Structure formats: C-alpha cells, structure tokens
Amino acid sequence: AGSDRLMIGDKTLTSSIKMTRWEEEKYEDGVKWKFLEHKGPYFPPEYQPLPDNVHFYYDGKKVKLSLAAEEVALFFAQMLDHEYTTKKVFRENFFKDWRKEMTQEERLLIKDLDKCDFGEMHAMHTAKVEARRNMSKEEKQVGLDEYGYCLLDHHKERIGNFKIEPPGLFRGRGEHPKQGMLKKRIQPEDVIINCSKESKIPVPPAGYHWKEVRHDNTVTWLASWTENIQGSIKYIMLNANSKLKGEKDWEKYEVARKLKSCVDGIRNQYLLDLKSKEMGVRQRAVALYFIDKLALRAGNEKEEGETADTVGCCSLRVEHITLHEQLEGSECVVEFDFLGKDSIRYYNKVPVIKKVFKNLKLFMENKQPGDDLFDRLSTSLLNKHLSSLMPGLTAKVFRTYNASITLQQQLKELTNQSDSVAEKLLSYNRANRAVAILCNHQRAPPKTFEQSMANLQVKIDARKEQLSLAKTELKQAKKEAKAKGSSDPKLVERKKAAVKRCEEQLLKMEVQATDREENKQIALGTSKLNYLDPRISVAWCKNMEVPIEKIYNKTQRDKFAWAIDMTEADFEF
DNA sequence: GCAACGACTTAGGACGTATAAA
DNA sequence: TTTATACGTCCTAAGTCGTTGC
C-alpha cells in the first residue's frame, strides 16, 4: 500500500490503518489509547419558527402555536407522506407527547389529532427538501472538516458519527410500542465529553456547558448522551477504517478461526449433551445445535412493552416452532416462524436429528404457545458454558465462523481459474449470497424490481434477435467469400467479430439477470461488512486474478485495509 | 444471583450520487 | 444529453455481551 500522509500543523501523520500501525506499541490491558483530542460533536441547527405565511389549523381555524408545540407539530407534518403516520400507536404516542409540549391554553383547545391540519407545514417542508436537493455536495456535508476528525495517538482518524442526532419522532422497526414518541433535542448539557486531560478540551456552543468532561482511556467513545425513548446511551465513535475498529475486527475473526480448530469437539459435546439427565443441559444443547446449524442469534430477553416483540434462539417461544414428523419427504422437520432482529421474519423448514426432535417435543409438553421454549436457559448461561469450552467463545462467534467458513467453501466450489472475470464475480456473489441466506439477511425487494426485470428481459430478447441476425450475416459473408473470392477480404473477419461481441453481451446480460433475480430479497452488504473474514476475499482475488476493486468499494477497502495489507494468496480461514 | 447498565457490533432503509443505457 | 438503475453513504435502531451494583 502506498503511504498516505497528512499534514496537521507541522506534524506529519499517518492516516488511517496501515500495516506499519499494526506493529506499534502495545498498550496495557484495557487501555484503548494514550492521547485523544477532538472538537466535540456537531449540533444540528436550532429550530427556526415558521414563516408568517405558513399556518397550522385546528378544526378549520387558524391557530398560532407556541414555539415548542410548533416544532413538534412540524416533525409530524414532515412525516405525513409515510404510511406509519396513519398507524394508531404512532398517532397516539405522538399526540400524547405533543400535548406535553403545549401550553395549558393549547392543550385545552387541541384535543383531537384528526382535527389538525398540517397541510401548509407539510408543503413548506416539501419545498425545503427540494431546495436542499439543489445544494452542492460541499454545502450539504456541513461540519465534516471541522468536526469529522479527531487525533488519536498521533493519527488523524475519521469519526463515524460526529453529529448529535437531531430531534424528531421516533420510528422503531416493526410493531414498536413506542413509535411516534418525541425524540427530544439534545443540548450540550446532556453530553459527556471524553478526551485526554492534556488535549485541547472541546468548547461547547456559546452559552452552554457540557454535562461532564471525562478522561477515560479504557473506552473508545468521544462523546455520549442518554436518549429519552429507551433511556439508552448513544455514542460518538470512530469510523470503521480507524485503527481501533480495525484491530477489534481482526480480533473477532481470529476468535472465529480459533473456533474452527475446536468446533468438532464442541459439536461432539453438545450432541452428547442432548442425552443429559439435566433438562437445562439438554436445552442448552438443542439451542447450541440451532445456533450452530442455523446461525441463529443468541436471543437475550427483552423488557416487554419497551420494544417490538422479536426473539432469538434462547428467547424462542413455543408458538415460534411447529414440529412435523414428516414433511415434504423429510423426517423430523422443525418449522420456524418468528420475527428476529429488526422484525425481520425468519421462516425455515429444517430437518433435524432425531434426538433434537425428541427433545423439542419434551420441551413443549404442557406449555402454552406464549411460553418460553427453553425455560431453563438464558444467554448468559449459554455464554458462560461456551467460554468454558474456548476462551472468547460466545454465541455470536458461531455466526461469524459459519459465515466465513461457508464463504471459503463456496468460493472453492464455485470458481475456476479459467472462468472469465464476470463469471468469477457471479460466483463470488453466489458464495456471498449463500452466507446472506444462512444469516437471514433480507431486504425489501426494490420498488421497481418487477418492472426492471421485465425491461432487462426485453433487452435480452432484442439482443438474441440481433445475434441470430449477425450469425446469418456471417454465413452469408462466408458463402460469398467462397463463391467468388472476396471483394472485401476483411468482411468475414468483421462479421465474426460482430457475432462474438454479440454473444459476449448476451452472456453478460443473462448473467446479470440471474444475479439480480437471485438477489431480489437478499442483502449481501451486511455479511460482507460484518461476518466474512476479508482475508478470504483478498486471498481469493489474488488467486483468481480479480482486482480487489471488483469486490470492495473504496469505503470497504479502507475498512479492510488491514486484511488487504497482510493477506497472501495462500491464506486459509 | 440477577437486573440494570454500559459499550460496543450488527442491521436495514432512506436518500443522494455515479454510471450505464437509451 | 437524458433517464433508469446501481451503487454508496448516512442514519440510527436493535442487537450482543461483559460489568456493575444491589
């Protein structure tokens, strides 16, 4: 890798992660940095009151709202295009929180959301979006130069999220009980700053103070605040291309590789545990079987009513599985149907071994649909067990391990040295896709999907026709050349080339169509970014003579710089 | 022993921009 | 050059898992 240097003041700094940085000093245990300096977070602009020509109406009458109530009303007006503003829970939560921001007088007047007319406010917002669209790229990336970077142990590092989250209405995923609630504006008084004692301390916006300035080098965040919807802490942290994140990523994959070396033993163990006298041990074994075979998430318990009703392995309920002694020609089939992280549906019919099937029947005996399937098991119990089998082993390591090993196997199976680059890339995508399916990484099919597939098919048909025409012309040219010698000696050559070009283009389009169809509801990005050891991909590129740019874009190459730097063609996960 | 907390990774969608096709 | 589609970035919610504090 070429050296990438930056001048800050009179100091030369090495930017982002480079191999040289991986050989630098080791810190004491738990220490993440020795020097950290930054400017503090960027705050979104304050609320600007409505212009005089924009009004809010209640029950047909013009009403001038107080500033606080007006700001919240505008949040709702901005979202009017979205379907969720019609949802009961959303509207009720919003209205309740909105009324909290109103004056006594307003509360007395405004009692029914259905009588509110946000039309002018909505139109104003639409115009603002349009105006913003016309701004230049530079105008839009407000604050990046000033707030987007920090200095960490002599390296200038990009900050991942340097902006304080703006206020608005909370929209969780799925059927979230808190959707529509007011997400409050964060003030400097809410924000804790973390930096070096000896660094320049960030200056709060004029007239404000920080909640606290601390100097904790055992954590990686630069600033934090508590969010009012769930009461959880939000952080300002470094970009994925930073040394801190890169090292952690590398560690993650090293743990997964360690699992590779002992996974056989662990599998034998949980297969034995299926027969244990202790119910808790059996449940643990079945859960582990699912986590290993199906790449399920651990499934921590969640506070009821605080979040959407979603589950992972340990929190599965009886209602989420159906047992079939026989199904579609297989025996002992478990049918899974539940909502996982982000309320993404997991639906799968899986043949399992007899012992697992028997145990599941046992676990479900005398239970209601809403009861826990694994009533003697929790994620902390499971992880305690796992860490006793291998240091650093937790449930999520199985996901990483199975994802990466699957990619490696699939690449080996699907690609040939002699394939064209396009074919190799299709194979890579297919291997990637196998992982995404395993991990259940879904996406909503693109809105224009059906149309765009049809368009592509039309083009393919047209090209086919063109090809047959080109072939006819070639034949004709050959015939003529034979019959009367050649008036144009190059004609046959040219026609040949035309046929070849046509065939290539057709192949390319057909490959594209296949790829797109197979990818309709599958998101490849998540596994690529979080589960696949990048060294597998780098080594594959080297072996297959595929440029790394074909599989990783600039951001991804930055994030995986460590892998690109260190990986040889013979790397094995 | 366990609930709550804190820090961190993982996640899909919205939106904006680049690129290819027409 | 215009338009459709693909690609890339940003955003922040929603998980995991170790630690803390009672």
Side-chain angles (χ1 to χ4, degrees), chain A residues 30 32 81-82 129 132-137 140-141 144 160-166 168 170-174 176 178-179 183 192 194 216 218-221 224 226-227 229-235 237-240 244-245 248-249 251-252 297-303 306-308 310-315 339-344 378-384 386-387 392-397 399-400 403 436 439-444 446-449 451-453 455-456 458-459 462 505 508-509 512 515-516 519 521-531 552-556:
Chain A
K32 306 291 170 66
D81 289 334
H82 292 274
V129 169
R132 197 190 142 74
R133 219 165 52 82
N134 293 326
M135 285 163 62
S136 72
K137 199 175 161 188
K140 279 182 207 166
Q141 57 168 254
L144 178 68
N161 58 327
F162 58 89
K163 288 175 177 164
I164 294 281
E165 292 173 17
F170 177 77
R171 171 62 197 160
R173 315 257 165 84
H176 198 115
K178 298 194 170 184
Q179 63 188 97
K183 179 168 138 170
I192 302 172
N194 192 32
D216 181 354
T218 68
V219 295
T220 66
W221 52 269
S224 72
T226 301
E227 150 275 330
I229 303 287
Q230 317 277 1
S232 67
I233 307 172
K234 299 277 188 143
Y235 302 93
M237 286 187 186
L238 296 182
N239 188 281
L244 230 42
K245 296 282 190 190
K248 204 69 192 302
D249 213 28
E251 268 174 40
K252 173 180 78 184
R297 297 187 183 83
N300 286 300
E301 56 271 67
K302 304 166 65 180
E303 224 178 312
E306 295 293 300
T307 59
T310 62
V311 298
C313 187
C314 294
S315 51
L339 298 182
K341 182 177 182 181
D342 294 311
S343 293
I344 296 292
S378 69
T379 53
S380 71
L381 238 38
L382 178 67
N383 281 333
K384 221 167 264 166
L386 289 175
S387 70
L393 186 60
T394 62
K396 83 194 264 283
V397 178
R399 254 167 99 80
T400 313
C439 295
N440 199 38
H441 291 141
Q442 297 190 29
R443 61 168 185 173
K447 283 191 178 66
T448 56
F449 186 84
Q451 185 57 54
S452 89
M453 279 312 277
N455 291 348
L456 189 58
V458 168
K459 278 196 259 171
Q505 283 169 338
K508 198 177 149 192
M509 276 199 279
Q512 193 191 8
D515 204 32
R516 225 200 277 174
N519 240 4
Q521 302 196 64
I522 298 166
L524 299 183
T526 304
S527 50
K528 205 175 190 178
L529 237 48
N530 299 304
Y531 288 102
Y552 288 144
N553 66 32
K554 180 70 170 67
T555 308
Q556 293 164 339

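Per chain, numbering begins at 1; letters A, B, ... match sequence-line order. None of the values given here were measured: they were computed from a predicted structure.
Between the side chain of A:Asn530 and the backbone N or O of A:Thr526, at least one donor-acceptor pair lies under 3.5 Å.
Two residues, A:Thr226 and A:Gln442, neighbour DNA chain B, and the one matched to the more 5' nucleotide by heavy-atom proximity is A:Thr226. Mapping A:Tyr235 and A:Asn530 onto DNA chain B via the closest heavy atom, the residue that lands nearer the 5' end is A:Tyr235.
If you check every strand for non-hydrogen atoms under 4.0 Å, A:Lys183 touches sugar and phosphate atoms only. Across all strands shown, A:Gly340 has heavy atoms under 4.0 Å from sugar-phosphate atoms exclusively, and none from any base. Among the atoms of the strands shown, base atoms are found under 4.0 Å from some heavy atom of A:Asn300. Contact annotation for A:Gly299: backbone-only contact, meaning every heavy-atom pair under 4.0 Å involves sugar-phosphate atoms and none involves a base. Within the 4.0 angstrom heavy-atom criterion, no nucleotide atom of any strand lies near A:Lys178. Residue A:Ala308 is out of contact with every strand shown, counting any heavy-atom pair closer than 4.0 Å. A:Lys396 comes within 4.0 angstrom of sugar-phosphate atoms only, judged by non-hydrogen atoms across all strands, and of no base. Nucleic acid contact for A:Arg132: none, since no nucleic acid atom lies under 4.0 Å from a heavy atom of the residue. Within the 4.0 angstrom heavy-atom criterion, only backbone atoms of the sugar-phosphate kind lie near A:Thr220; the bases stay farther away.
The salt bridge (charged side-chain N to carboxylate O under 4.0 Å, His left out) search around A:Lys234 returns A:Glu165, not counting sequence neighbours.
A donor and an acceptor atom, one from each side chain of A:Ser232 and A:Glu227, are located under 3.5 Å apart.
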Handout entry: Chi angles and distances behind the side-chain contact (heavy atoms from CB on, under 4.5 Å) call for A:Gln230, A:Phe170
Key = CA-CA 10 Å; A:Gln230 317 277 1; A:Phe170 177 77; 4.1 Å; yes
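Taking 4.0 Å as the cutoff to heavy atoms of chain A, we find the contact window on DNA chain C bounded by C:dT5 to C:dG18. The nucleotide range of DNA chain B contacted by chain A, defined by atoms under 4.0 angstrom from heavy atoms of the protein and reported 5' to 3', is B:dG6 to B:dA22.
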